[in-house]
Amino acid sequence: EDGGLVERDPRLIFVPGHGDVVQALELGVPTMQPGEVSFFLAAFPYAYGRPGSREPDVPPEAPLLFEVTLLEVRDGPDPQPLPPAVRLRLGSQRRERGNFHFARADFAAALRSYRLSLRALDGPTSAPPGPEEEEELREQRVKCLNNCAAAELKLGRAEEALAACEAALRISPDNGRALLRRGQLLAEQGRDAEAVLVLRRALELDPANKVIHTELSRLAKRQSPPSST
């Protein structure tokens, strides 16, 4: 509103629907014709949200005016085999974009970005990954699946969150974050015996974790028969 320039990109390229840009551009640019110049006045939910942003430097709850020139429209490329390093870079970028949406409580957009990240990580490769790249691909998949579970929970979809946890554990059976969340979800479904086994395994890996101790204590009290008088 004070006329300050917060961001400039002379040749921004994005695919609508991938969540790589703020919602004002996601919604506005597809209405334009090549060569057209448009101004979009965006309330903060369609820009950088309630918390604003550090990079670019946008204050909390700031409306923004976007000046956009549509230079070119292209058909989306067919999925091409990519080198492992490129898959890793795309996967990381899309996961970080998902984290951006998650921090702004746009959990549906976050989930979309996490799924796009998984698609990049699991896409066709032009060369077999080396041992270090294979390990990093595995780690990124587990991070994305854990983030998918968190977003699904925020959207009230416990079954989908549980499926994401189980997918993460198929890749990394001793992932503490996935074990804890799976145990909590099983307990919520009343599957106490399964939950206890999962949480005990999580506790073996992280004996000082107070959350796991609390969950196991709660389950123990629930399973104990009431004392008779």
key: Intermediate values then yes/no, side chain to side chain contact (heavy atoms under 4.5 Å, CB included), R222 and L219   = CA-CA 5 Å; R222 195 159 77 185; L219 283 169; 3.5 Å; yes
message = Using the rule given for side chain to side chain contact (heavy atoms under 4.5 Å, CB included), can you reason through R74 versus E72, listing the C-alpha separation, both sets of side-chain angles and the distance that settles it, and then say yes or no?
response = CA-CA 7 Å; R74 304 176 189 168; E72 185 180 2; 3.4 Å; yes
query = side chain to side chain donor-acceptor pair (under 3.5 Å) between R141 and N146: does it pass, once the steps are laid out?
reply = CA-CA 9 Å; R141 288 189 189 102; N146 276 325; over 6 Å; no
request  = Take Q189 and L162 through the test side chain to side chain contact (heavy atoms under 4.5 Å, CB included) and record every step on the way to the result.
outcome  = CA-CA 10 Å; Q189 293 181 356; L162 182 59; 3.7 Å; yes
task = Report the C-alpha separation of L179 and V198 in whole Å, then their side-chain angles, then the decisive distance to 0.1 Å, and conclude whether the side chain to side chain contact (heavy atoms under 4.5 Å, CB included) test is met.
result = CA-CA 6 Å; L179 283 168; V198 173; 3.9 Å; yes
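Under the 4.5 Å side-chain heavy-atom criterion for ILVMFWY residues, a single connected hydrophobic cluster contains both L64 and V22. By the criterion of side-chain heavy atoms lying less than 4.5 angstrom apart, applied directly or through intervening Ile, Leu, Val, Met, Phe, Trp or Tyr residues, V58 is not grouped with L65; the two fall into different hydrophobic clusters. In the hydrophobic clustering of ILVMFWY residues, with side-chain heavy atoms under 4.5 Å counting as a link, Y48 and V6 come out together. Linking Ile, Leu, Val, Met, Phe, Trp and Tyr whenever their side-chain heavy atoms come within less than 4.5 Å leaves V21 and L27 in two separate clusters. One hydrophobic cluster, built from ILVMFWY side chains closer than 4.5 Å, cannot hold both V15 and V86; they sit in different ones.
Contact record, A195 with L186: CB-CB, 3.9 Å, taken as the closest heavy-atom pair. The nearest pair of heavy atoms linking A24 to A42 is CB-CB, 3.7 Å. For R181 against A150, the heavy-atom pair with the smallest separation is NH2-CB, 3.8 Å. Here the closest non-hydrogen pair linking A158 and L153 is CA-CD2, 4.5 Å. Between A120 and G91 the shortest heavy-atom distance is CB-N, 4.0 Å. Among all heavy-atom pairs drawn from L180 and L199, the shortest one is CD1-CD2, 3.8 Å.
In summary, E215 and K210 do not engage in a salt bridge, as defined by a charged side-chain N under 4.0 Å from a carboxylate O. R201 has a carboxylate O that lies under 4.0 Å from a charged side-chain N of D174, or vice versa, which qualifies the two as a salt bridge. Using a 4.0 Å cut-off between charged nitrogen and carboxylate oxygen, E152 and K154 do not count as a salt-bridge pair.
Judged by distance alone, with hydrogens and angles left aside, the side-chain atoms of E26 form no donor-acceptor pair with the main-chain N or O of Q23 at under 3.5 Å. The main-chain N or O of P128 is never found under 3.5 Å from a side-chain atom of T125 such that the two would form a donor-acceptor pair. Looking at T31, its side chain does come within 3.5 Å of a backbone N or O of G28 through a donor-acceptor pair. A donor-acceptor pair is defined here as one N or O able to donate and one able to accept, closer than 3.5 Å; no such pair exists between the side chain of R97 and the backbone of S113. The backbone N or O of P207 lies less than 3.5 Å from a partner atom in the side chain of H213, making a donor-acceptor pair. Using a distance-only test at 3.5 Å, with no hydrogens or angles considered, no donor-acceptor pair links the side chain of E61 to the main chain of P51. Here the side chain of R104 pairs a donor or acceptor atom with the backbone of G52 at under 3.5 angstrom.
In this structure, C165 and L185 have side chains that are in contact, with non-hydrogen atoms separated by less than 4.5 Å. Contact annotation: the side chain of Q33 never approaches that of V73 to less than 4.5 Å [non-hydrogen atoms, C-beta and beyond]. Under the 4.5 Å side-chain criterion, counting only non-hydrogen atoms from C-beta, M32 is not in contact with T69. At least one side-chain heavy atom of L111 sits less than 4.5 Å from a side-chain heavy atom of L155. Residues Q140 and S92 have side chains in contact (heavy-atom distance under 4.5 Å, counting atoms from C-beta outward). The closest side-chain heavy-atom distance from L90 to L82 is below 4.5 Å. The side-chain heavy atoms of C148 and L118, taken from C-beta on, include a pair separated by under 4.5 Å. Contact check for S172 versus V142: side-chain heavy atoms found under the 4.5 Å cut-off.
Taking the ring axis of Y114 as reference, the NZ or CZ atom of R112 does not stay both within 45° of it and closer than 6.0 Å to the ring centre.
One finds the OG1 atom of T214 at 10.0 Å from the CD atom of Q184 (value rounded to the nearest 0.5 Å). Between R170 atom CZ and N175 atom CG the span is 13.5 Å, to the nearest 0.5 Å. Interatomic distance, L216 CG to K221 NZ, rounded to the nearest 0.5 Å: 12.5 Å. Note that the CD atom of E133 and the CZ atom of R87 stand 9.0 Å from one another [nearest 0.5 Å]. Note that SG of C144 is 11.5 Å distant from CZ of R115, once rounded to the nearest 0.5 Å. Atoms NZ and CG, from K143 and L121 in turn, are 11.0 Å apart once rounded to the nearest 0.5 Å.
Other residues, nucleotides and ligands place no more than 12 heavy atoms under 6.0 Å from the CD atom of E55. Surrounding CZ of R191 are more than 12 heavy atoms belonging to other residues, nucleotides or ligands, all under 6.0 Å away. Around atom CZ of R138, more than 12 heavy atoms belonging to other residues, nucleotides or ligands sit under 6.0 Å away. For F102, the CZ atom counts as densely surrounded, since its 6.0 Å shell holds more than 12 non-hydrogen atoms of other residues, nucleotides or ligands.
One side chain, R177 or N147, offers a donor N or O that lies under 3.5 Å from an acceptor on the other.
Ring to ring, F66 and F39 are not that close: their centroids are 6.0 angstrom or more apart.
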